[in-house]
Asker: 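Pasting a structure here, questions to come.
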Amino acid sequence: MLKVVDLHKDFGGLKVLDGVDLEVERNQVVGLIGPNGSGKTTLFNVIAGVYKPTSGEVLLDGERVDGLKPDQLYRKGLVRTFQIPRPFRKLTVLDNLLLAGREQIGERFLNVFRLIKWKMQEKELLEKAEEIMDLLNLSHLSDEYAGNLSGGQLKLLELGRALMSDPKIMLLDEPAGGVNPTLAIRLFGKIRELAETRNLTFFIIEHRMETLMNYSDYMFVLYRGKIIVEGEPKKVMDDERVIEVYLGEL
Amino acid sequence: MLEAKNVSAGYGSSVVVDSATVEAREGDVVTIVGPNGSGKSTLLKSIVGQARVFSGEIIYNGEDITNLRTDQIVRKGIGYVPQVENVFVNLTVKENLEMGGYMIDEGLEETMNEVLSLFPELTRHMNRKVSVLSGGERQMLAIARSLMARPRMLIVDEPTANLAPKLVHKVLAKIRELAEAGYSVLMVEQNAKKALDISDYCYILASGKLVFEGRPKEVLAHEEFGKIYLGLRT
Amino acid sequence: MPEINILQILFNSIVTGSLYILVALGLTMTYTLTKFPNFAHAEFITIGAYIVYAVTEQLGLGIIPGILMAFIVSGFVGVGSFLLVYRPLERRKSTMVQLMVSSIGVGIVIRYLIQQIWGGQDLRFKTLEFSAFNVGPIRMTMLWVIIIVTGILLVVIIHLLLTQTKIGKAMRATAANPGLAQSCGIDIDKITAIVWFIGAALAGVGGFFKAADTKLVPVLGWSVLLPAFAVIVLGGIGSFYGMIAGAYIIGLAENFSIIPLLSLGLSTDYKTAVGFIVIILILIFSPSGLAGIDWGGIFKRKKHRGES
Amino acid sequence: MAFPIGYLLDTLVFAGIFGILSLSLNIEFGHTGLPNFGKVAFFMIGAYTSALITLSGKPFIAGITGAMIVSGICGVLISLPAIRLREDYLAITTLAFGEILRLILKNEEWIAGGVLGLKGIPEALSLKGVQATLYGHVVVVYISLAIFFIFLRFLEKSPYGRLLKAIREDELAAQSFGKNTVFYKAQSFAIGSAVAGAAGSLYAQYLSYIGPDLFMPIVTFTVWAMLIIGGIGNYKGAILGSFIYIGFERGARIMKDYLHLPVDPNNLMFIIFGLLLIVVLLFRPEGVLKEEKVKLL
């Protein structure tokens, strides 16, 4: 599904990504871990088109997508969420979700006045948004400004917005960061459920190892810009090298 | 000397640290370790007034300093070295030290000489802009700068973050040296093993909670240390 | 086409540049510390000129007391607007645009107060006669010489303030990293207020020079505000030495633009547009000013091309 | 001229024209978050374009259409390099653009009369008698105002408007949902500029004279003040702001004619208005009419 080949990214001589190779399989929940400064968020930013790679390839379903901009990647079915939620604060929760719908007819200036046409699509989007709000327990907040939501609710909204666009693959940057443990477990439960019921693929940065252990199919460990260990969660967690990089031994 | 009792802290309304108790005794290097996101930096920031303490209290030399402003805390004799942006990049090394000693009215010169005797490597850069210093030198300067206010206790946030392995060793050795010179140090580190080598006592934080504490030897000897550290065992 | 005296143009450029230093210094300092472009800076400039007018022409107390009063009054107007408007807005977490608009409000209030007190008509400094004389091929007036000397003196004084005094160093430290400055025990509120005072005070003195050289009108400050923006944008906002270079470069560009303008048969009025064009070009191509241009990169690329 | 009605109609015309200008700033800044401090430039482009077209004998409708097209195109041309800039830089750049444009019109007589400007610009609706013509102006201006208001509200209540608002709130997030934000920002700038151009056209035909001195930066600032006081992000607020400002201005003029104050009422009105702007920013930064939650049509 998503394949990264020998990816490099330098920032003014500093090699943040130093030859990353990985592959995320369809319909799996894949975790990415690594100590602070190992390059996880940079890897996401390069895959999601925020930065151009210095060298290397990113392939989505076999097609080269490195160097494409976020909006182009979105159209190819790749959506990402942010570690620190970036809601549209002065739009309601419902509008935040609706906005994320893809290929909206009424978003073109000349179509604004073709009311009947865009309203039909809007209706479909509305149904979908309601379903997602149900799923994420956000329904009661539908008409609330996103700026008034709590940290945990914003995390859910991030996930919800990403779901709105029927992506093929979702990149989640610490979806449960700063969220209380009970909610975190619920959130991962949802992710697991979505992967199984909706043919979705997840690639997740997370530092709650115990959560990832229970909910992911496969894991990659990034350290100093390279993947040093990969495999099933149990195997990865028992790997001495993983503990060592976290303790700063390598 | 410094005690944080049952501290819950965070930003805005979100609680990042959940009822943690740590103590730093005079002349010791005390280290808080834990993986990223464990809340260790937030705990440190709550002590120096850069994050909010929701409950619990922070006592320094018998005085309650909970939720005071950073400059008030610094005036009480606690030096603080933040993790990032911890030097004035547009100032020279000497000017950075002078700013560190901004509150000193007399004997700035002597204090600077004392501090420089601990950091002799800085003397040859005195009139250079900080922007030309290496990462390791900057870290040294940041620590030296905080010493200029003549603190008795130093609070250091991840002094080895983003440093090359060789420099990690150097900076940590310097911190040990400071403890030998009579300063008390409370620091947060991600380079757990190396930090423990120079520490007198340590705490492990995972997901905002203290999960283990003890002398470094006991901690390192614990067979499940790695798993505890990663929050896989409690 | 009239004969062009290059030395004269060069001299005029230095006069213009020195004047810009006076008016732009405060603008760049407050921009750096309070993080917004203060449009009311134009009125800090204007008020100084009117105060000199009041003291020397209306009260007949002479020019030195006039300039001193202008320094003090403009300074207080500056620090007053910071304490009464900008700081409260900052504390309320206002956006940069809100701060900019508030400075427009401050400017309007001051400008029409001036107009109320002194009227909207053109005023001239009658007691100050600056007769012209020649030095070699250059025609100059005493006023121009004073402007140049003041400009250079100011550069030296501010340089000494920023590098040799505790308070000056604290200003630089606060500008670079307010949080860290605070944890060094620096009272950043006090430092910021002092900067607002000095910046506005110098703008006021600069306003007097501008008015003495041309005429005194309530929109005096506006005629130099955009060039002053050009100066600080060119030098890189927050850079004192960049600002000095920017002031003289804009001075040169404005005065030398007369040559191509004349040869193209265009109005020399366009020389005032030079600054505006510089702003637009710099902001679009190198928003951090001259310092932001990758000179090394340009050089390397050329070399590289040479090789291939 | 009979005082009450003539004065009132004149006031209404001004309030209407500036109301349109204020609407145009609201789509750019209130709605999309682009601080345009060169508003007067597009007002000026519209006024001159329309004046030149109608002076050549073409009807007003051609003038206002031409004004909107030329202003809109200029808006796009300026916005393409400028909208990637940080907001303070965008503000200074657009401010400088307005001043350059004014300088050109002032110095190049061959374009539109230079300093002297253009005289004898025909009215949109030429009726018999001063009073009737004045009523005609009110009708033309308010029909235009109503059209632009409805048009912009329509935009606001469509997915298009929702998207502009999202860009204002967080551009990168909007991009990661597949929206080409630069394209939309340029469009918003173009719409705003075209509407400002229409206001300029109405202004020119009403005054029948235009010159460079009518288009000083203070015009831009006035429009900003209107929008801030009336309510950023609220189209009704934008119009209300214009009425408040023009009301102030006319109140001062009436005072000047009928009262003998120790201060010049005109100065006093600007001072009070400046203070009002500051007070609003300090104590009611959202303006008189708050931004509303928008339900799509």
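Given the structure is predicted, the values throughout are model-derived calculations rather than measurements. Reminder, nothing fancy here: chain letters follow the sequence lines and each chain counts from 1. For the numbers below, each heavy atom of this structure counts, side chains included, while hydrogens, waters and symmetry mates do not.
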Asker: With a 4.5 Å cut-off on heavy-atom pairs, point out which of C/Ile104, C/Ile108, C/Val85, C/Ile277 contacts chain D the most.
Answerer: C/Ile104
Asker: Supply the atom-to-atom distance D/Asn267 CG to C/Arg111 CZ, rounded to the nearest 0.5 angstrom.
Answerer: 11.5 Å
Asker: Relative to chain D, which segment of C/Met96 carries a heavy atom at a distance below 4.5 Å: side chain, backbone, both, or neither?
Answerer: both
Asker: Who wins among D/Met269, D/Arg86, D/Glu99, D/Lys106 for the most heavy-atom pairs under 4.5 Å with chain C?
Answerer: D/Glu99
Asker: Select one option (side chain, backbone, both, neither) describing which atoms of D/Leu277 are under 4.5 Å from chain C's heavy atoms.
Answerer: side chain
Asker: Looking at C/Thr272, C/Leu84, C/Val97, which one has more heavy-atom pairs under 4.5 Å with chain D than the rest?
Answerer: C/Val97
Asker: Under a 3.5 Å distance rule, please check whether C/Gln116 uses its side chain to pair with a backbone N or O of D/Leu268 as donor and acceptor.
Answerer: no
Asker: When rounded to the nearest 0.5 angstrom, what distance separates CG in D/Leu95 from CD1 in C/Ile280?
Answerer: 9.5 Å
Asker: Please flag which part of D/Pro81 lies under 4.5 Å from any non-hydrogen atom of chain C: side chain, backbone, both or neither.
Answerer: both
Asker: Where on C/Pro37 is there a heavy atom nearer than 4.5 Å to chain D: the side chain, the backbone, both, or neither?
Answerer: side chain
Asker: Could you check if a side-chain atom of D/Leu103 sits within less than 4.5 angstrom of a side-chain atom of C/Tyr270, using non-hydrogen atoms only?
Answerer: yes
Asker: Heavy-atom distance under 4.5 Å to chain D: side chain of C/Val106, backbone, both or neither?
Answerer: both
Asker: Can you see which heavy atom on D/Ile278 is nearest to which on C/Gly105, and at what distance?
Answerer: CD1-C, 3.9 Å
Asker: By a 4.5 Å heavy-atom criterion (distance strictly below it), what part of C/Leu226 contacts chain D: side chain, backbone, both, or neither?
Answerer: side chain
Asker: Which members of residues 216-230 of chain D, sorted by number, sit under 4.5 angstrom from chain C on a heavy-atom basis?
Answerer: D/Ile218, D/Phe221, D/Trp224, D/Ile228
Asker: Are any non-hydrogen side-chain atoms of D/Leu281 and C/Leu89 less than 4.5 angstrom apart?
Answerer: yes
Asker: To the nearest 0.5 Å, how far apart are CD1 in D/Ile104 and CG in C/Asp269?
Answerer: 12.0 Å
Asker: What distance do C/Ile232 atom CD1 and D/Ile92 atom CD1 have between them, rounded to the nearest 0.5 Å?
Answerer: 6.5 Å
Asker: Measure across D/Ala96 and C/Ile279 and return the closest heavy-atom pair with its distance rounded to 0.1 Å.
Answerer: CB-CD1, 4.4 Å
Asker: Tell me whether the centres of the aromatic rings in D/Phe37 and C/Phe39 are closer together than 6.0 Å.
Answerer: yes
Asker: Working to the nearest 0.5 angstrom, can you tell me the gap between D/Thr93 OG1 and C/Ile282 CD1?
Answerer: 11.0 Å
Asker: Taking the side chain as every heavy atom from C-beta outward, state whether D/Phe283 and C/Arg92 have any atom pair closer than 4.5 Å.
Answerer: yes
Asker: Any chance CZ of D/Phe248 has more than 12 other-residue heavy atoms, nucleotides or ligands included, within less than 6.0 Å?
Answerer: yes
Asker: What part of C/Phe229 gets within 4.5 angstrom of chain D, counting heavy atoms only: side chain, backbone, both, or neither?
Answerer: side chain
Asker: Is it true that atom NZ of D/Lys293 has more than 12 heavy atoms of other residues, nucleotides or ligands lying nearer than 6.0 Å?
Answerer: yes
